[in-house]
Amino acid sequence: MKGSQRLFSQLLPTNGQDVGRRTPGRSKELLRKRDERMVYRHYYYLRICKKRYDEIIQMLSEEFDISGHTIIERLQIDINLQLLKQLATLQPDLNDLRKIYPWLVWK
């Protein structure tokens, strides 16, 4: 296409700037944060809203835009299981959850 090379070249540094090396794939830190938030939401739906397991997986799937299978896999990772157990022991209430993630809707 006419002009497409010029547009593309304007977006990339051409004066020898080092753009840094990035590894392909998802950021491990962002995945960890998403998973942690998902664990808290799982706890909320299970303990506070008293939802069924299948409802929880469906709600999390819609909320986080990932498949139910992926949600189940991510919740079974050791660090997430430990957090789930910790939440079950501590039993934070609705106000505690609001303090941790104030931008989420906690009814």
Side-chain angles (χ1 to χ4, degrees):
M1 288 167 70
K2 188 175 183 177
S4 64
Q5 288 298 322
R6 186 173 67 177
L7 177 63
F8 184 73
S9 66
Q10 289 174 351
L11 296 174
L12 295 176
T14 56
N15 57 357
Q17 295 175 354
D18 184 18
V19 293
R21 294 199 144 230
R22 290 189 56 208
T23 57
R26 306 278 312 266
S27 164
K28 288 183 172 103
E29 180 63 19
L30 292 177
L31 284 174
R32 186 196 62 74
K33 287 180 179 181
R34 184 214 47 205
D35 287 354
E36 181 179 296
R37 205 168 45 250
M38 191 167 46
V39 168
Y40 275 91
R41 292 301 275 187
H42 181 278
Y43 170 83
Y44 165 72
Y45 290 131
L46 180 68
R47 301 294 177 147
I48 295 176
C49 297
K50 308 284 191 215
K51 299 286 183 184
R52 293 188 331 256
Y53 182 75
D54 60 322
E55 290 177 316
I56 293 169
I57 299 302
Q58 179 63 36
M59 294 168 89
L60 292 174
S61 177
E62 292 173 7
E63 188 171 339
F64 289 93
D65 297 319
I66 55 178
S67 72
H69 179 73
T70 302
I71 290 169
I72 293 167
E73 283 181 347
R74 299 303 296 181
L75 290 175
Q76 292 176 351
I77 294 174
D78 285 338
I79 191 166
N80 295 333
L81 275 176
Q82 290 172 0
L83 180 56
L84 276 170
K85 289 176 184 177
Q86 181 182 6
L87 289 174
T89 302
L90 296 174
Q91 298 182 353
D93 63 10
L94 203 51
N95 289 328
D96 296 328
L97 296 175
R98 285 184 180 134
K99 289 175 187 173
I100 297 168
Y101 295 108
W103 62 90
L104 293 177
V105 176
W106 308 96
K107 292 183 180 184

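At a threshold of 4.5 Å between non-hydrogen side-chain atoms, the residues Leu75 and Ile71 count as touching. No side-chain heavy atom of Lys50 sits under 4.5 Å from any side-chain heavy atom of Tyr45. Using a 4.5 Å heavy-atom threshold, the side chains of Tyr53 and Ile72 count as touching.
The hydrophobic clustering, which links ILVMFWY residues whose side-chain heavy atoms are closer than 4.5 Å, places Ile77 and Leu31 apart. Clustering ILVMFWY residues whenever any of their side-chain heavy atoms sit less than 4.5 angstrom apart, transitively, puts Leu60 in the very cluster that holds Trp103.
Interatomic distance, Ser61 OG to Ile66 CD1, rounded to the nearest 0.5 Å: 7.0 Å. The distance from atom CG of Asp35 to atom NZ of Lys28, rounded to the nearest 0.5 Å, is 13.0 Å. Between Tyr44 atom OH and Leu104 atom CG the span is 10.0 Å, to the nearest 0.5 Å. Rounding to the nearest 0.5 angstrom, the gap separating the CD1 atom in Ile48 from the CD atom in Gln91 is 10.0 Å.
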Met59 and Phe64: CA distance, side-chain angles, deciding distance, side chain to side chain contact (heavy atoms under 4.5 Å, CB included) verdict: CA-CA 9 Å; Met59 294 168 89; Phe64 289 93; over 6 Å; no

Arg34/Arg26 under side chain to side chain contact (heavy atoms under 4.5 Å, CB included): CA gap, chis, key distance, verdict: CA-CA 12 Å; Arg34 184 214 47 205; Arg26 306 278 312 266; 4.0 Å; yes

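A cation-pi arrangement is found for Arg41 relative to Trp106, the charged atom lying closer than 6.0 Å to the ring centre and inside a 45° cone about the ring normal.
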Check: residues 78-89 side-chain donor-acceptor pairs under 3.5 Å, at least two apart:
from	atom 1	to	atom 2	distance (Å)
Asn80	ND2	Arg74	O	2.6
Thr89	OG1	Lys85	O	3.0

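Scored by the salt bridge (Lys or Arg N to Asp or Glu O under 4.0 Å) test, Glu29 finds Arg32 as partners (sequence neighbours excluded).
Nearest heavy atoms, His69 versus Glu73: NE2-OE2, 2.8 Å. Residue Thr70 comes nearest to Ser67 through the heavy atom pair OG1-OG, 2.9 Å, listed as atom of the first residue, atom of the second, then distance.
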